[in-house]
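Chain identifiers are assigned alphabetically (A, B, ...) following the order of the sequence lines, protein sequences preceding nucleic acid strands; residue numbering begins at 1 within each chain. Nothing here was measured: the structure is a model prediction, and the numbers come from that model.
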Number of protein chains: 2
Amino acid sequence: MTEPAPGPTAGQHDHKACVSNALAMASALCQRRGVRLTPLRQRVLELVWRSHVPVGAYEILDRLRVEDGRSAAPPTVYRALEFLMEQKLIHRIESLNAFVGCIDPSRPHAAQYLICRQCGTVTELDDGAVAAAIQEQARRQGFSIDRQSVEVHGTCGHCADPAGAATNHAETATA
Amino acid sequence: MTEPAPGPTAGQHDHKACVSNALAMASALCQRRGVRLTPLRQRVLELVWRSHVPVGAYEILDRLRVEDGRSAAPPTVYRALEFLMEQKLIHRIESLNAFVGCIDPSRPHAAQYLICRQCGTVTELDDGAVAAAIQEQARRQGFSIDRQSVEVHGTCGHCADPAGAATNHAETATA
DNA sequence: TGCCAAAGGAAATAGTATAACACTGCCGCC
DNA sequence: GGCGGCAGTGTTATACTATTTCCTTTGGCA
Ligand SMILES: [Zn+2]
Ligand SMILES: [Zn+2]
Ligand SMILES: [Zn+2]
Ligand SMILES: [Zn+2]
């Protein structure tokens with residue numbers, strides 16, 4: 001119930017690489033942009049990246065208190081999350097009230113999210129066709145887009161086909 | 001956003017027709033489906049249809065208490081909303097934690113929502129191209145879709161261009 | 001008539017998010 | 001060096017959203 005870096009796709013990929021890559025990318029981006037990736041912000045980012053399952057603000061809060069022994073209250077977490085979202089280092093999954101690390105923060109994108117009901121894993125896509133179809137519809141309505149959010153709930157390949165994959169995928173990560 | 005007759009699209013269309021049509025449709029659908037559109041559920045549906053601006057559960061709750069003098073608590077409202085969602089008579093806008101009437105409950109659809117930041121109006125679309133593009137992407141990932149939610153935030157035609165009004169607010173478009 | 005299941009009333013609680021104010025350290029400036 | 005401003009964080013309180021639990025009422029039906 002507190003395994004460090006489970007990741008629903010555990011065994012499928014080197015998640016430590018995901019994390020260190022994300023942190024390095026974040027550091028570089030912030031430096032380039034002239035914004036401060038403080039220790040707190042970096043730690044929150046790391047906690048969001050704990051797995052590919054979106055994490056709630058209060059779960060982050062708990063970890064800051066329990067694991068880090070840090071004094072923290074909701075605003076502590078929400079401010080860090082706000083910063084990370086402004087910098088596009090994380091995304092908010094509206095339908096879950098939770099946050100997930102962005103796969104490629106260096107490039108602006110209108111992403112789509114595939115959210116598995118069973119394992120909770122979110123797969124971030126960046127499909128031009130989807131974005132274009134949405135933009136075309138918006139244009140017809142005379143609507144100018146600020147932000148589009150596409151959240152698709154369903155069952156991922158691993159959960160649907162346990163035999164084939166034989167993944168240890170199993171159950172949810174941050175339970 | 002709290003006046004009796006919905007502000008945003010007022011004057012743009014005959015909203016009373018929207019409401020009475022929605023209520024009639026709901027009544028017919030429920031009868032056909034053998035489910036009960038009780039007075040409470042009908043009233044909640046009516047309150048959701050008060051305008052094309054999504055309405056929160058607690059705003060509905062307030063109106064039930066103040067306008068109807070009815071004894072009501074959160075579960076009262078949430079249960080009614082749950083029923084209405086099961087029957088696809090309303091939709092939940094995840095990014096707003098609010099609910100809006102469905103434009104065409106008789107036909108199942110994966111809808112997209114254009115949400116105006118200024119006036120709050122939500123325009124429901126049912127564009128096959130968007131849904132298809134999403135499905136294609138999901139298929140490639142071996143992901144099977146239960147539900148897709150597309151919420152687009154931006155500025156509607158009326159708010160962007162108050163003078164000219166070529167576009168049709170609040171009405172649905174399908175493709 | 002009596003039973004059952006669905007619907008709704010009521011109280012408490014859980015979960016999510018923000019407002020408001022205080023404190024500190026850093027930086028540029030005089 | 002002293003000073004003012006500001007970003008970042010700490011702290012407390014509160015607002016907003018949603019669910020659990022238990023009980024009572026209602027409506028359909030054998
Ligand atoms: Zn990973
Ligand atoms: Zn899965
Ligand atoms: Zn209308
Ligand atoms: Zn508008």
Handout entry: Per-nucleotide protein contact string for nucleotides 25-30 of chain D, where B marks a base within reach and S marks sugar-phosphate only (heavy atoms under 4.0 Å, - for neither)
Key = --S---
Completion exercise
A correct 5'-to-3' footprint of nucleotides 13-19 of chain C, with B, S and - meaning base, sugar-phosphate only and no protein heavy atom under 4.0 Å, is ---BBBB
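The CZ atom of B:Arg33 sits 18 Å away from the C1' atom of C:dA6 (whole-angstrom rounding). Atom CE of B:Met85 and atom P of D:dT17 are 15 Å apart (whole Å). One can place CD of B:Glu82 at 18 Å from P of D:dT17, the figure rounded to the nearest angstrom. The distance between atom CD of B:Gln42 and atom P of C:dA7, rounded to the nearest whole Å, is 15 Å. Here C:dT24 presents its P atom at 18 Å from CG of A:Leu40, a figure rounded to the nearest Å. The interatomic distance linking B:Arg79 (CZ) with D:dT24 (C1') rounds to 12 Å, in whole Å. For B:Phe83 and C:dA6, the CZ to P distance is 13 Å, given to the nearest whole Å.
In terms of phosphate contacts, A:Thr76 brings no side-chain nitrogen or oxygen within less than 4.0 Å of OP1 or OP2 of D:dT9.
Not a single donor-acceptor pair, N or O on each side, falls under 3.5 Å between the base of D:dG10 and the side chain of A:Arg70.
The pair A:Glu67-A:Arg50 meets the salt-bridge criterion, with a side-chain N (NZ, NE, NH1 or NH2) lying under 4.0 Å from an Asp/Glu carboxylate O. By the 4.0 Å N-to-carboxylate-O rule, A:Arg79 lies too far from A:Glu82 to be salt-bridged with it. Under a 4.0 Å N-O distance rule, the pair B:Arg63/B:Asp68 does not qualify as a salt bridge. Between A:Arg139 and A:Glu136 there is a salt bridge, since a side-chain N of the basic residue sits under 4.0 Å from a carboxylate O of the acidic one. A salt bridge links B:Arg92 to B:Glu94: one of the charged nitrogens lies within less than 4.0 Å of a carboxylate oxygen.
Counting heavy atoms from C-beta on, the side chains of A:Ile90 and A:Cys102 never come closer than 4.5 Å. Residues A:His52 and A:Val122 fail the side-chain proximity criterion, which asks for heavy atoms closer than 4.5 Å. Using a 4.5 Å cut-off on side-chain heavy atoms (C-beta onward), A:Cys156 and A:Thr121 make no contact.
Taking the six-membered ring for Trp and the full ring otherwise, the centers of A:Tyr113 and A:His91 sit less than 6.0 Å from each other.
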